[in-house]
Amino acid sequence: MPELPEVETVRRGLAGLVTGRRIEHVGVLHPRPVRRHLAGPDDFAVTLTGRTFAEPARRGKYLWLPFADGDALLAHLGMSGQFRLDAPDAPLAPNTRVLLDLDDGTQLRFVDQRMFGGLSLSPGGAALPAEVAHIGRDPFDPAFDVAAVGRRIRSRRTGIKRALLDQQVVSGIGNIYADEALWLARTHYARGTWTLSAAKAVEVLTAATTVMRRALAAGGTSFDALYVDVNGSSGYFDRALAVYGQEGRPCPRCGTAIRREPFMNRSSYRCPRCQRSPVATARAA
DNA sequence: ACGAGCTCCTGCTTGC
DNA sequence: TGCAAGCAGGAGCTCG
């Protein structure tokens, strides 16, 4: 599942491959991934053709490929989105949704099994697409203010994991890195945000930054074929996960068996010893 | 305004 | 064996 480190890995891959390239032809194989382009798939194809890519940018899990004319191709990988660069005559991977033929004879392909992600044209979005402006800065942003975000978290009446997953508070963190960060900071997912000290709030955010920086260095996390970089390679960070997906395995810190618990209709993984149930728990968290 | 829950999607895994 | 339910979950949306 692509979170910030995976999206940044993809961005870096695209930067070296599409920057300066002109789109010669666009093929939309499935309408859903371009659903946010309200004028429809045909218009999407026509309006992109002839444009030239500048260097790809990212905030949180959003990725966009600016055009030299000031617009941008906005992309979100959702749960299973991938960008692949292939020869036009290479066999299509399953679930290939959009094809962009580039002027150097390569073909940029958007592949997405579950189609939670998608592509759209963002008018004037080269610097920061309007569709992205509502989310908070991510921890890799030079202007990220950890103390200010910590204050905002403490002002809430919710559980810490919900706050970490709220992209308007801090972007880029998904279920995997939320669990890893909370383990690193020895904090239970349901701990009430208002009960955190200023230092603890910063500690949790710093932990999230740390685990994502490590994951980025490893080329991202992958459990299966759903996340790959532009060359089709998986990352290696799954070998370094302390708790996520590790139910029954020993906590790397104390050896206690990791527990999986239902949370937000999904799963949370924690060490029952390092991350004790909080005295103050957010209601329904 | 804020917090919480629902929904969209496909394909692999699990259970009867 | 076959079918259905369970599970994976980002983010826009609705509702209280």
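Quick note on labels: first sequence line is chain A, next is B, and so on, each numbered from 1. Values below: every heavy atom of this structure, side chains too, minus hydrogens, waters and symmetry copies.
- The CZ-P distance, from A:F263 to C:dC7, rounds to 16 Å in whole Å.
- Atom NZ in A:K61 sits about 11 Å away from atom P in C:dG12, given to the nearest Å.
- Put simply, A:T158 has a side-chain N or O that comes within less than 4.0 Å of OP1 or OP2 on B:dA4.
- At B:dG3, none of the side-chain N or O atoms of A:R162 fall inside 4.0 Å of OP1 or OP2 (strictly under the cut-off).
- The base of C:dA8 is paired with the side chain of A:R114 by a donor and an acceptor separated by under 3.5 Å.
- Each end of the helix from B:dC2-C:dG16 to B:dC16-C:dG2 gets its own axis, taken as the rotation carrying the C1' atoms of four end pairs onto the next four within a five-pair window, and the two axes meet at 60° to the nearest 10 degrees.
- Residue A:N95 places none of its side-chain N or O atoms closer than 4.0 Å to OP1 or OP2 of B:dT10.
- Taking OG1 of A:T209 as the reference point, atom CG of A:L4 lies at 9.5 Å (rounded to 0.5 Å).
- Legend: residues meeting salt bridge (charged side-chain N to carboxylate O under 4.0 Å, His left out) with A:R51, ordered by chain and number and at least two apart, are A:D69, A:D71.
- Atom-to-atom, CE of A:M115 to P of C:dG12 comes out at 18 Å; the value is rounded to the nearest Å.
- In this entry the distance linking NE2 of A:H134 with C1' of C:dG10 reads 11 Å, nearest Å.
- Take the nearest nucleotide of DNA chain B for A:R35 and for A:N265: the residue whose nucleotide is more 5' is A:N265.
- Applying the 4.0 Å criterion to OP1 and OP2 of C:dG10, one finds that A:Y177 has every side-chain N and O outside that range.
- Of the two residues contacting DNA chain B, namely A:R266 and A:D166, the nearest-nucleotide position lying further toward the 5' end is that of A:D166.
- Between A:R260 and C:dA8 there is a side-chain N or O to OP1 or OP2 distance below 4.0 Å.
- A salt bridge links A:D179 with A:K161: the distance from a Lys NZ or Arg NE/NH1/NH2 to an Asp or Glu carboxylate oxygen falls below 4.0 Å.
- Taking atom CD of A:Q113 as the reference point, atom P of B:dG11 lies 5 Å away to the nearest angstrom.
- For A:S267, a side-chain nitrogen or oxygen approaches OP1 or OP2 of C:dA8 to under 4.0 Å.
- A:M264 places its CE atom 12 Å from the P atom of B:dC6, with the value rounded to the nearest Å.
- Put simply, CZ on A:R109 and CD on A:Q82 are 12.0 Å apart, with the number rounded to the nearest 0.5 Å.
- No engagement by A:H30 is indicated, since no non-hydrogen atom pair under 4.0 Å with the nucleic acid exists.
- Applying the 4.0 Å criterion to OP1 and OP2 of B:dA4, one finds that A:R157 has every side-chain N and O outside that range.
- A salt bridge does not link A:E247 to A:R259: none of the charged side-chain nitrogens sits closer than 4.0 Å to a carboxylate oxygen.
- One finds a salt bridge joining A:D166 and A:R156 here, because a Lys/Arg side-chain nitrogen approaches an Asp/Glu carboxylate oxygen to under 4.0 Å.
- Remark: the backbone N or O of A:I23 is not paired with any side-chain donor or acceptor of A:R21 at under 3.5 angstrom.
- Regarding A:L63, its CG atom lies at a distance of 16 Å from the P atom of C:dG10, rounded to whole Å.
- A:D179 has its CG atom 11 Å from the P atom of C:dA8, to the nearest Å.
- For the pair A:R154 and A:W194, the cation does not sit on the ring face, since its NZ or CZ is not both under 6.0 Å from the ring centre and inside 45° of the axis.
- Nearest nucleotide to the side chain of A:R36, out of C:dA8, B:dG3, C:dG12: C:dG12.
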